[in-house]
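Small disclaimer: the values here were computed from a predicted structure and weren't measured. Numbers restart at 1 for each chain; the letters A, B, ... are given by sequence-line order, proteins then strands.
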Amino acid sequence: ADYKIGLSNGWVGSEWRTQMIEQAQAAAAAWKEKGVNVEVVVQSANVDVPGQIAHVRNFISEGVNAIIINPNSPTAFDPVFAQAKEAGILVISTDAEVSSPDATYVGIDQKAWGAAGAKWLAETLGGKGNVVAINGVAGHPANEMRVAGYKEVFGQYPDIKIVNEVNANWDQAQGQQAMQNLLATNPDINGVWVQDGMAAGAWKSIIDAKKQSSIAATGEIRKDFIDLWVKDKLNSGASVNPPGVMASALNVAVLMLEGKELKEPATAGQYKNAMYLPIPFIDGKNVDQVAKELDGKPGYFSYTSQLSIADAEALFK
Amino acid sequence: MSKLIMRGVSKAYGATLALRRGDLTVEAGEVHVLIGSNGSGKSTLCKVLAGSVRPDGGEILIDGKPVTITGPHAAREHGIGIFYQELSLAGHRTVAENICLPDMPGGIFVDRKALEIRAARYIALFETVAGEGFSAEAVVENLRADQRQLVEIMKALATEAPITIFDEPTSALDRAQVDRFFDILRGLKADGRSIIFISHRMDEIFAIGDRVTVIRDGETVGTENIADTNPAAVIRLMVGGQDELAAGASAPPAAATDRKAAVLKAENFSGKGFANVSFEVAKGEILGFGGLHGQGQSAVLRAIFGANLAAGGTITLGGSAFTPSNPRTAIRRGLAYVSGDRSRDGIIQGRPIIENATPIHYLRQKLQLARPAALAARVKPALEALHTKFGGLSHPINSLSGGNQQKIVIARWLIDRPDVLLLDDPTKGIDLSAKADLFSLIRKLAEEGMGIVLYSSEDAELLNNADRILVFNGGSVRRELTGADRTRYNLYQAAYEAA
Amino acid sequence: MTATTQTQGRAPSPMLTFLKQPLVVALILIVALLLLGETLSPGFASAQQILRLLIVAALLGIVAAGQNLVILGGREGIDLSVGGVISLSAIIAGNVMNGADSAIVPAVLACMAAGAFIGLINGMGVTLLRIPPLVMTLGMLGVLQGLLVVVRNGIPSGFAAPGLSRFVTQPFLLGLPGIIWLWVAIGLLMAFMLTRTVYGHRIYAIGSNEQAAYMAGVPVRAMRISLFMLSGVFAAITGICLLGYSGSSFANVGEQYMLASIIAVVFGGTPLSGGKGGYTGTMAGALLLVILQGILTTVHIDESGRQMVFGATLLLLMLFYGRGRAMRG
Amino acid sequence: MTTATISTQKPGGGLKRLVERYPFLPALLIALVLLALNGLYQPRSISFIGITGLVKTYLALMMLAIAQTYVVYAGDIDLSVGAIVSLVNVVIVVLMEKMGGSGFSVVAALGVGLLTGLACGIVNGIVVAALRLQAIVATFATSIFFTGLALYVMPVAGTPAPAAFWRTYGGRFFEIPFVFYAAILLAIVLYVLARTRLATQLLAVGDDAQAAFQSGLPVTRIRIQGYALCGLFAALAAFCITGDTASGDPLVGGKMTLFSVAAVVLGGSALSGGFGTVVGSIIGALIIGLINSLVFFVGTPSEWQNLVQGLAILIALMAGVLVGRRARA
Ligand SMILES: Nc1ncnc2c1ncn2[C@@H]1O[C@H](COP(=O)(O)OP(=O)(O)OP(=O)(O)O)[C@@H](O)[C@H]1O
Ligand SMILES: Nc1ncnc2c1ncn2[C@@H]1O[C@H](COP(=O)(O)OP(=O)(O)OP(=O)(O)O)[C@@H](O)[C@H]1O
Ligand SMILES: O[C@@H]1[C@@H](O)[C@H](O)OC[C@H]1O
Ligand SMILES: [Mg+2]
Ligand SMILES: [Mg+2]
């Protein structure tokens with residue numbers, strides 16, 4: 001059978017997104033060996049919410065079999081997804097969950113992602129100390145879920161005190177500036193919970209302040225950071241949100257188009273439509289291994305993983 | 001009881017005292033002329049009355065009752081209408097909309113019909129003299145300068161205000177338009193309305209005024225009945241002690257000049273607004289351009305200077321060919337151009353006097369650095385030659401009156417002597433003593449060997465100062481007046497023929 | 001009218017005139033904000049921290065120099081594309097030097113050339129096609145954002161050379177890093193250029209009255225194009241420094257500088273209408289903005305509160321400067 | 001173009017008058033060409049369903065472009081429109097939810113939404129016109145403030161709008177989609193607005209604010225009214241986006257601001273004020289949508305899409321400005 005799958009990405013401000021699309025395109029090509037022709041059509045550009053709704057409408061016009069979207073808003077697509085479903089199109093969101101009952105989410109649990117980093121940090125600090133958090137864009141659902149994740153974990157450690165939380169808009173330089181301001185006014189920081197995209201910046205400020213031996217902080221999954229981590233023996237740990245999530249979603253989508261049925265229906269998450277992928281974790285124990293795997297990749301390349309076709313097949317009856 | 005009394009009105013702009021003690025009494029049914037040299041405070045006084053300038057002190061009585069005018073809108077409610085010297089039009093709107101702008105008929109919605117009827121009434125007043133392209137539907141931006149001034153007049157008339165101010169309403173109008181306007185003013189007067197009228201043209205003042213108030217250095221120095229005075233007396237009042245600087249009656253120009261040494265020659269020169277214009281200017285000659293305004297005189301000058309596009313013909317400068325392309329190349333070839341529209345073409349608002357005086361010097365000397373001391377040494381003599389009054393070279397040009405601003409702009413051309421000086425109605429809106437300074441300087445420059453082309457919208461200026469006059473009509477030269485032919489009669493005849 | 005009457009008006013007291021200068025206002029506010037920051041979060045005004053704030057302010061101040069020139073040049077001059085130029089420059093610099101000190105010079109040259117080229121296109125659009133600057137540079141920003149994706153795709157890496165990082169973050173002379181000296185040098189150069197060179201006077205001339213400048217032989221178009229090119233070059237320099245600051249380049253580094261650079265200029269007393277103002281004020285404006293953001297980072301409140309306070313404070317500070325003239329004179 | 005040759009006037013005379021009267025004609029032409037190209041590459045995109053989808057999707061941006069147009073008329077600009085959209089969106093969604101999602105709650109919430117937009121507009125108007133702050137920076141500051149408020153009202157996206165609301169927006173009556181009724185109603189409202197005294201006054205202020213003031217127009221009040229109208233239409237844009245997205249999201253409008261400015265320019269209005277039409281802005285919004293779709297339908301590789309879009313918009317912006325001016329000049 002032959003399928004046409006539309007990929008929509010509404011923000012191009014991060015290399016992570018480019019890698020996400022490239023991996024998804026490669027995954028589609030890999031189906032050829034299985035005798036399945038998967039054609040992908042991509043819409044990827046900076047758009048506002050109406051612009052990304054238009055992506056979906058364009059895919060409907062184009063007559064695709066499935067749409068995989070990294071959505072600019074969790075809730076904005078309910079009506080248009082309903083329309084896609086009416087047109088017989090399978091809709092899968094990835095990287096950020098959507099509220100639509102007509103879509104399935106295939107990606108990581110952002111809350112668990114946030115919790116994993118927090119857990120590592122709390123344990124590394126021996127369950128006590130002053131912690132600051134540097135977050136992405138306030139109000140952005142992925143950000144808020146991650147925040148909920150760390151709050152839950154830190155809540156379990158009475159001796160861990162969150163002394164400040166700031167937003168640095170997933171911008172590395174802003175993360176660096178925020179960290180520097182926090183360091184100046186909170187000389188007794190023990191730990192930093194910071195999201196990817198900004199952790200490298202935060203670490204830069206920690207190193208500039210010569211506090212890398214006394215502060216533990218979460219890290220990044222980009223190769224250039226992993227290299228630094230190894231070289232400077234940083235006390236870091238990183239939850240992995242692999243850019244391969246869209247490739248994973250694509251493999252799941254093809255199997256669904258093939259008419260296969262999930263062993264366990266996708267009912268997780270706040271919207272009861274999620275199927276969560278595993279979240280790898282990098283810390284001192286495996287960082288050398290990760291660095292080796294990333295050898296030869298460009299600096300902005302993110303450590304990644306994805307469901308192979310076989311992995312995906314294992315999820316279906 | 002007087003219709004309007006203004007007493008002791010004062011206004012300072014920062015360090016500039018624009019108005020010290022403005023007194024003005026206007027009766028119902030009179031045309032009251034306000035006269036004074038540039039920067040004496042006439043417009044300021046009027047703007048205080050019209051509500052667009054907030055006075056620092058003084059009192060205003062209308063019909064004997066003291067009033068406080070809080071803004072232009074309030075002024076209209078007190079029965080004051082105004083023609084602004086710098087106009088107050090919306091360029092993209094139509095003539096009809098502009099006429100009715102201060103008071104659009106209708107409520108939330110514009111009553112188009114009423115608007116058209118109201119506008120038509122005022123447009124009709126000038127129907128015969130408004131010229132081509134003037135209509136209720138015309139977009140103001142597309143109109144000529146005189147037509148815009150007419151729109152502003154109509155706008156002022158449409159207020160139907162008991163007191164209407166006209167602040168230099170005739171500066172861009174031609175004779176026929178002025179005549180029509182004066183007829184209308186006489187009608188208003190007959191209806192008992194009060195008119196405040198400002199002009200620098202003595203003939204107009206005596207043609208239309210009933211009384212005249214003279215204002216000098218921000219202070220009212222006297223009011224006379226027009227019938228009881230004469231131009232010389234008014235001028236004496238205006239200039240205070242310096243009465244030797246009488247009106248534009250400079251000596252009749254020198255006779256024949258050496259025609260062979262042409263510094264500027266135009267042959268079949270054509271472009272937007274003019275065609276097949278040919279002439280020569282000799283070293284030491286002042287060549288006049290005359291005729292009704294807007295007949296191509298200004299366009300020719302701007303095209304030679306490279307500021308307007310030329311379409312055909314040849315220009316020869318000092319014996320070699322010259323293709324006008326932009327002002328910069330023209331300046332490098334020794335051309336100078338002074339525009340009467342100083343706020344558009346001349347002054348660099350808000351910048352020091354020295355920066356306003358030096359741009360040509362920079363270009364001609366290929367300077368890269370601006371060393372204040374060295375520049376001051378060049379600028380000062382040029383300013384002194386024009387009797388320019390200024391505080392310091394680092395003061396902003398805005399601190400000067402219009403006439404002195406214009407002198408700065410002229411001075412910038414004199415630091416490095418040009419070969420040819422193109423004067424495009426250079427005295428528009430500048431006062432009599434400044435004019436006298438300017439023309440004596442021009443004559444001196446000519447005597448030193450400069451070739452000068454002078455376009456003036458004032459006939460007296462041309463007749464008194466030009467050695468020869470080319471009369472323009474419809475974009476080309478109709479007549480050359482030389483020697484004893486240079487009479488007002490000949491000038492008008494050529495200007496009006498077949499026009 | 002004589003020279004003496006010109007100056008007889010009620011001259012405001014010299015003290016008041018002095019206090020009303022944008023630069024003075026900004027400096028007073030800077031001190032006040034530092035004190036406020038120190039009160040709210042002890043340590044905020046420590047020497048080390050002020051030094052770090054200065055580095056961040058220098059990054060902003062350098063782009064703002066170009067923004068300032070474009071704005072001074074008038075005709076609604078504004079450059080919204082600086083953010084895109086910064087990002088592009090950081091990427092180019094990272095890839096050309098790729099961690100090698102020996103490649104810093106070629107990297108800097110490449111970035112400045114790219115910045116100048118983008119400025120050239122902006123300037124040509126604005127002058128030759130007479131596209132309003134806001135429109136032209138907004139369109140250019142869209143193009144650059146797209147270009148970043150394309151360029152990024154084919155490019156291996158992007159590391160700052162250690163020398164560059166040291167230049168931005170490590171003490172170089174008198175305890176101050178190179179970037180601060182660079183900023184000071186740019187400040188001196190700008191001041192000299194604007195007050196003592198023909199080029200500077202011409203900037204004010206075209207900004208104040210383009211038509212008059214043209215009639216006085218100023219090469220208006222060439223001037224305006226050169227201003228956009230300078231803006232591109234300054235943005236490129238910020239891009240390079242930003243690479244040094246963060247160590248590696250990443251997409252969209254420049255985004256936050258677009259409106260920030262304009263605000264710094266306005267805080268410094270240069271109105272967006274052009275022809276008036278200067279760079280010294282802008283330097284203070286950049287510092288002011290960075291300190292304000294710093295304070296907001298260190299106080300512990302909700303992000304919604306932070307944004308409301310930030311927005312309101314910006315408005316409040318603008319009341320000190322950028323107010324337009326009253327209609328009624 | 002043929003009109004020019006038929007005309008007895010000098011070349012361009014007929015076209016000139018046509019464009020003077022209908023300044024949006026060049027934009028309309030561009031939009032029609034784009035529509036045809038979309039149809040050529042993807043016939044279904046211009047089917048009834050396709051067009052319905054286009055209108056449904058871009059009605060919000062059209063509204064926002066209209067909002068922006070009224071301030072641009074007066075020579076102002078509003079960089080907070082996107083933030084107002086977000087704020088109104090979360091306010092109405094939260095209210096509808098709090099009041100139980102009945103038909104009445106929807107109407108009441110919409111009323112409050114309009115008031116919210118109006119209030120934001122008036123705040124902008126006061127800040128820009130009464131306090132005389134520069135529009136670009138001042139409305140940027142208010143946009144930060146409004147975003148903070150939106151985050152306060154709804155810290156994270158997610159609350160759904162009641163079905164009664166979005167099913168109406170997405171539904172059909174007598175086989176005709178609701179949005180077409182909305183479009184017709186909008187056309188009538190705009191026609192009526194164009195005849196108001198305010199529209200003419202805004203344009204007169206945009207032409208020359210000082211002249212308008214001296215003519216006795218209450219310039220400050222007029223500009224505030226322009227911003228108020230802008231706020232109202234931003235609220236309508238929020239209704240549309242809520243109808244099309246059926247939910248609340250405190251960041252939903254953020255990116256729309258610059259697109260609204262681009263749409264206004266694409267539509268042939270002058271950013272300097274005094275000249276333009278709302279119809280043009282509506283077409284401008286459509287042009288943006290049509291370009292985005294066309295880039296996809298012609299099969300542009302993903303990494304090139306943003307660049308091609310950016311270039312196409314830049315070229316369309318230039319074309320709009322150039323054609324409009326050439327015809328008028
Ligand atoms: N807005 C202003 N700011 C600063 N100074 C001003 C302003 N308006 C006028 N002045 C100054 O006030 C003085 C009086 O100007 P005003 O315009 O009233 O003169 P005027 O008599 O109308 O002159 P003119 O005949 O040239 O029109 C001048 O010195 C002028 O430079
Ligand atoms: N006829 C004119 N009158 C007034 N201003 C003009 C005229 N022509 C052009 N200008 C203004 O001057 C600017 C510069 O025009 P100009 O040709 O010649 O540029 P330039 O930069 O001096 O020349 P170059 O490109 O050789 O450096 C234009 O953008 C325009 O605003
Ligand atoms: O993890 C982030 C992902 O969620 C976002 O969508 O893109 C950037 C990544 O850093
Ligand atoms: Mg005057
Ligand atoms: Mg040129």
Side-chain donor/acceptor of D:Arg223 to backbone N/O of D:Ala74, under 3.5 Å: no
Side-chain (D:Thr139) to main-chain (D:Leu79) donor-acceptor, under 3.5 angstrom: yes
Option from D:Leu202, D:Val128, D:Ile136, D:Val205 for which side-chain contact (heavy atoms from CB on, under 4.5 Å) with D:Asp76 holds: D:Val128
Check: C:Val85 main-chain N/O paired with C:Ser89 side-chain donor or acceptor under 3.5 Å: no
D:Ala209, part contacting chain C, at a heavy-atom distance under 4.5 Å: both
Portion of D:Leu271 that has a non-hydrogen atom of chain C nearer than 4.5 angstrom: side chain
Choice from D:Val127, D:Leu151, D:Leu314 maximising heavy atom contacts with chain C below 4.5 Å: D:Leu314
Heavy-atom proximity to chain D below 4.5 Å, by part of C:Arg328: both
Per-residue contact mode, D:Ile77 against chain C (heavy atom under 4.5 angstrom): side chain
Beyond-backbone contact of D:Val278 with D:Tyr73, side-chain heavy atoms, under 4.5 angstrom: yes
Residue D:Ala83 versus chain C: region with a heavy atom under 4.5 Å: neither
D:Thr300 side-chain N/O to D:Gln305 backbone N/O, donor-acceptor pair under 3.5 Å: no
C:Asp79 backbone acceptor or donor facing C:Gln67 side chain under 3.5 Å: yes
D:Thr159 side chain vs D:Gly248 backbone, donor-acceptor pair below 3.5 Å: no
Residue part contacting chain D, namely of C:Leu272, when any heavy atom lies under 4.5 Å: both
Heavy-atom contact with chain C under 4.5 Å, split by part of D:Phe140: side chain
Contacting region of D:Val137 [heavy-atom separation from chain C under 4.5 Å]: both
When D:Gly148, D:Ala262, D:Ser143, D:Ala150 are compared by non-hydrogen pairs under 4.5 Å with chain C, the top option: D:Gly148
Proximal component of D:Ser272, with respect to chain C [non-hydrogen, under 4.5 Å]: both
Any side-chain donor near an acceptor of the partner, D:Asn124 and D:Thr142, under 3.5 Å: yes
Check: C:Leu80 main-chain N/O paired with C:Thr137 side-chain donor or acceptor under 3.5 Å: yes
Side chain / backbone / both / neither for D:Val153 at chain C, heavy atoms under 4.5 Å: neither
Portion of C:Gln145 that has a non-hydrogen atom of chain D nearer than 4.5 angstrom: both
Top contributor to chain D contacts, counting heavy-atom pairs under 4.5 Å, from C:Leu259, C:Leu148, C:Ile131, C:Leu147: C:Leu259
Heavy-atom pairs under 4.5 Å with chain D, option from C:Ile262, C:Val143, C:Leu314, C:Leu144 with the top count: C:Val143
